[in-house]
Amino acid sequence: METLDHHDGRPTWAEIDLDALAANFHNVRRRVKPQEVMAVVKANAYGHGAAACARRLVAEGAKWLAVALPEEGIALRQAGVTQRILVLGGFWRGQEAACLRYKLIPVIYHAGMAEALDRAAHDAGTIAEVHAKIDTGMNRLGERFEHASAFAVALARLTNIRVGGLMTHFAAADEHKHDDLTAAQIARYDEALSVFRAHKHPIIYEHLSNSAGALAHKEARGNIVRPGGVLYGLWRDVLPTECDGESLALRPVMSLKTRITLLKNVPADSSLGYGCTYRTVRETLVATLPIGYNDGYTRSLSNRGRVIVRGTYAPVVGRISMDLMMVDVTYVRGAALGDTVTLIGADGDLRLSAEAVAETAGTISYEITCGISERVPRLYSPTIGA
Ligand SMILES: *Cc1c(COP(=O)(O)O)cnc(C)c1O
């Protein structure tokens, strides 16, 4: 059993603080009450480990989970999750029967996929529960709002489909400069909801909001919200500025750590690593770390990122390579072989948030946590069974 203190093999790991996840879930739920929280655990729970996160969220009272693909929903079923699972991306040809067998609730975004599911449900002698998605202005997934009526009519013809939910998705709920679009999206959704009700669809579940919608747009009515990022304590690049995750007491869930594998003094005016992109200006104490871009520590952090060693920031020097990287620990008092290195997370008074790492890398925090590859073991705290 791997624990936080001990795990065999390469000393590179991601710590997943399930108590922080639980606290974030409760804080968000308290904030959005009486709306229900559908916990989004797609993409391996944004890299945090879908099975462990889903199980903990369910233990904390989550009634709904959301994934992107049927495959992800099936994996949760196999991990013992029995709660309702919405499949945000719907399904692809050939997956209709699996959706039924595993009681996944797919999002339907055009009539054709509903017809395929209706046939499969008919063959299986069952009724398929679905949520219909209206595109109210993002112009990505969903049937366009102008066609809501035709969509409602087409779905009403299918006797083995029950449309229990109607949803949309915001394009820019995190940016107040786009509040006009958000308001239009809400109005178009409300209109589509009336249309669906007029066509006798038994809509019980109404939902529009991601993290930013849930916390910054209370006017987005509905009885469920679909936050992902904030559950994992990611908010600085997720919520509009006036929504302070600190005051919401959101806590980061993932930390990324490794240990110094090799320490060496490199003379002044030497180049470091591939492409000789870094030149030492003085004798430099270089620490080699057993983590690289294949682990998801992105190459764009070459010569730009920093880590924490013994409560001191140490800059990334040279290019990040596939399995290794280097940091300058000349000014880290007492730096030694085997020292723990924090790449994401806190050490002493210092913190490197996933949002800060993302900003340095020129991306968003989601891409950083999602990108931590399977090669990096997730060590859960409190420890859970395998
Ligand atoms: C990913 C996703 C969410 C969650 O978004 P966050 O920004 O992580 O809160 C909600 N709804 C849909 C349709 C999504 O795809």
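In this text the structure is predicted, and so the values were computed from the model without any measurement. Any value given below was found using the heavy atoms of this structure, including those in side chains, with hydrogens, waters and symmetry copies removed. Just follow the structure's listing: the first ligand is 1, and inside any ligand the first atom is 1.
For the ring-ring contact (aromatic ring centres under 6.0 Å, His included) with His131, the lone residue among His207, His169, His201 that qualifies is His207.
Atom 6 (P) of ligand 1 has Tyr366 OH, 3.3 Å as its closest protein atom, hydrogens excluded (heavy atom only). Of the protein's non-hydrogen atoms, the one nearest atom 14 (C) of ligand 1 is Lys42 NZ, 3.0 Å. At the top of the distance list for atom 8 (O) of ligand 1, counting protein heavy atoms only, stands Tyr46 OH, 2.5 Å. Of all protein heavy atoms, the one lying nearest to atom 11 (N) of ligand 1 is Arg226 NE, 2.9 Å. Nearest non-hydrogen protein atom to atom 9 (O) of ligand 1 is Ser211 OG, 2.5 Å.
Distance CG/Leu239 to CD/Glu175: 12.0 Å, rounded to 0.5 Å.
Contact atoms of ligand 1 toward Leu88: 12 (C), 13 (C), 14 (C), 15 (O) (distance under 4.0 Å to a heavy atom of the residue). Close approach of ligand 1 to Gly229 (heavy-atom distance below 4.0 Å) involves ligand atoms 6 (P), 8 (O), 9 (O). Shown in contact with Pro227 at under 4.0 Å from a heavy atom are these atoms of ligand 1, numbered in order with element: 9 (O).
The parts of Asn210 lying near ligand 1 are both backbone and side chain, judged by heavy-atom distances below 4.0 Å. Residue-level proximity to ligand 1 for His169 is carried by the side chain, the only part with a heavy atom below 4.0 angstrom.
Residue Arg140 has no N or O atom closer than 3.5 Å to an N or O atom of ligand 1. Inclusion of Gly228 in the set of residues having an N or O under 3.5 Å from an N or O of ligand 1 is warranted.
A salt bridge links Asp19 with Arg56: the closest approach of a Lys/Arg side-chain nitrogen to an acidic carboxylate oxygen falls below 4.0 angstrom.
Transitive grouping of hydrophobic side chains (ILVMFWY, heavy atoms separated by less than 4.5 Å) brings Val58 and Leu231 into a common cluster. At a threshold of 4.5 Å between side-chain heavy atoms, the hydrophobic network of Ile, Leu, Val, Met, Phe, Trp and Tyr places Tyr278 and Val309 in two separate groups.
For Arg306 and Tyr313, the positive end sits near the middle of the six-membered ring, less than 6.0 Å away and at most 45° from its axis.
For the pair Val195 and Ser149, the tightest heavy-atom approach, listed with the atom from each and the gap, is CG1-CA, 3.5 Å. For the pair Glu242 and Ala216, the tightest heavy-atom approach, listed with the atom from each and the gap, is OE2-CB, 4.2 Å.
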